[in-house]
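To keep things clear, I will list the structure first and then write my remarks on it.
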Amino acid sequence: MTLQLSPISSKLTGRKKIPALFGLAFLFGLSGFFLIKNSTILPAEAVSNITGIHSGDFVRIETISGDDYALLYEDTAHEVDTLIFEDSQNIFDKDSYHILINIQPEGFNKPMDVSFVVDRKTGMIQASASGLDDTTTTSLRINDRTVEQDIRSDWSGKTSLKGVVYNARSGVANVCMDIGGYRGGNMSVCHGLNNNNIQTVQLPGIGGIGGGGIAPFHFEFQEYWIQSLMTMTEQLNVAMEQQTNIIGQFLDAKQQLETQRIIQQLQAKAHKDYHPSEQMCTIGTMVRHLALSEGHMKVAKTAFNEKMRSRELASGRNQTFKSRQSDMFTRKETFEDYNCNQLDNAQGLEQTCLEETAPANRNADIDFINLVSQPLTLDIDFNDPGVTNDERNVFSLMNNLFTSETNTYLPPAVSASEKILDAYQDLRSVSAMRSVARNTMSNIISEKINGPVFEDDATPFMRALVQDFGLPDGEVTELIGARPSYYAQMELITKKMYQHPNFITNLYDKPTNVERMRAAMKGIELMQDRDIYDAILRREMLISMLLEDGIRSEQDAAQAIILRSTEAFGN
């Protein structure tokens with residue numbers, strides 16, 4: 001159904017058709033060439049057309065221009081309903097006006113509103129609609145030229161379209177909003193604007209050869225030529241803007257891709273540089289609690305020196321407290337019970353070694369190699385009140401090495417003599433030189449005592465490293481001990497670890513991890529150099545003591561000469 005609407009105050013009229021005549025004649029020499037096109041001006045009236053409306057739908061049309069308001073039409077559509085209205089209030093002569101078309105479909109609760117807003121100064125025409133379905137598409141036509149096409153309404157059923165027409169003050173033939181998919185069909189809502197001021201342009205015809213009159217050439221210049229040129233210019237501008245936009249998008253894409261590539265490179269570098277290797281974890285674990293083990297070792301060395309000094313000077317509650325015979329008796333008893341070997345002295349110790357001793361303890365009091373030098377860990381713990389075989393054997397060895405024959409006990413009355421005091425001072429001088437040698441021996445033994453007890457110590461990892469060399473569990477414990485000493489831990493991280501094949505293969509790693517391993521190895525080297533430096537200091541002290549003992553006789557002779565010279569000079 002097509003519904004044409006007009007104001008209530010207008011009479012029924014018809015719209016004149018626009019006849020057009022195009023003639024082409026060619027006369028060579030006698031006739032001329034001419035083209036005639038006649039245009040009939042629209043009358044001073046405006047028509048609204050609604051195509052696709054249903055019978056029974058209620059339609060209401062209003063206009064607003066500034067403060068003027070007019071109700072142009074209000075009625076229910078019938079099977080055939082044609083109404084025409086005139087511009088009785090000169091609303092269409094305003095600079096801008098607003099056409100409101102309200103359609104209330106029969107049987108639908110939601111009305112549809114179509115609005116045309118015209119600004120005759122700028123030529124802007126804006127069309128909007130509401131009450132549509134969310135699947136409805138709309139298009140805008142101006143003078144049968146599609147400006148916007150297939151614009152989908154939003155979720156609320158609204159849509160907005162706009163276009164520009166040249167010289168809108170002269171009027172436009174027709175503006176239509178095509179609505180597709182509304183109530184299962186299509187609908188077009190059109191409004192024809194005031195065309196009262198359209199200019200009729202008359203151009204001269206073109207005469208042919210031989211004369212002939214000039215036929216009038218009527219052409220609506222603004223409607224066809226200028227509008228077409230404006231459309232072409234607009235299309236060219238849009239095309240250039242699109243090309244410029246594409247170039248900008250290319251530049252943005254280039255910058256974005258370069259930035260993403262830099263970020264990915266940095267991520268890969270960070271992953272490579274900050275992903276530690278297994279070898280680094282092994283080194284870090286193997287040196288765990290190494291400083292505490294060193295402190296534990298120094299405390300044990302002090303205990304060794306204190307024990308041997310108190311035995312030599314018969315101070316405190318020790319085996320030489322009563323007399324030198326008590327020291328010899330204690331040592332003899334320990335030898336018979338633990339260190340005696342019946343095969344020694346051409347099997348002449350059968351009467352001395354009445355009971356067979358354990359093989360690990362035989363001759364341990366005189367075997368420095370098997371007791372101290374070869375094992376990596378000695379079962380010695382001064383915090384444990386019990387006495388182990390290694391503790392007993394080590395002290396027996398120290399008793400045989402230092403002051404094997406202790407000093408004679410001096411009663412208080414005898415020790416008050418001046419001569420005895422001089423001799424006792426010489427005895428203490430010898431004891432001081434012995435303490436230098438005892439310090440070296442105590443340091444060697446204390447490096448190999450049991451390590452401190454910690455829940456997260458490195459013992460399981462050291463055992464795993466040694467097991468990789470092919471040793472069974474029993475031999476692993478025999479080699480490094482149940483609680484590896486400071487010496488055993490240093491032995492593994494300074495020697496055994498580098499003998500493992502995995503250490504060589506793990507060097508095929510990221511450059512940053514290789515640098516980390518080099519730094520860790522340098523740290524271990526510094527710790528080892530410190531131990532070597534301490535050993536060199538002890539050796540220098542021993543050499544100085546040997547030198548001092550070697551020149552002692554010469555020093556005593558020189559001192560005697562000086563004393564005699566002094567006495568002679570004094571007399």
Worksheet, complete the sentence: Exactly one candidate in T406, N400, N399 meets side chain to side chain donor-acceptor pair (under 3.5 Å) with R331; the answer is N400
Who passes side-chain contact (heavy atoms from CB on, under 4.5 Å) against [X], sequence neighbours left out?
| X | answer |
| --- | --- |
| Y533 | R530, L537 |
| D556 | R552, Q559 |
| V514 | D509, M517, R518 |
| T231 | R145, Q227 |

Is a side-chain donor-acceptor pair under 3.5 Å present for [Y] with [X]?
| X | Y | value |
| --- | --- | --- |
| T403 | R311 | no |
| R539 | T440 | no |
| T388 | D390 | no |
| N389 | D379 | no |
| N502 | D468 | no |
| T159 | T138 | yes |

Worksheet item: Does CD belonging to E405 count more than 12 external heavy atoms closer than 6.0 Å?
Response: no
Worksheet entry | Contact list for residues 332-428, test disulfide (SG to SG under 2.5 Å), sequence neighbours left out | C340-C353
Run the side-chain donor-acceptor check on residues 492-499: report pairs under 3.5 Å with partners two or more places apart or on a different chain.
{"from": "T494", "atom 1": "OG1", "to": "M490", "atom 2": "O", "distance (Å)": "2.3"}
{"from": "Y498", "atom 1": "OH", "to": "I493", "atom 2": "O", "distance (Å)": "3.4"}

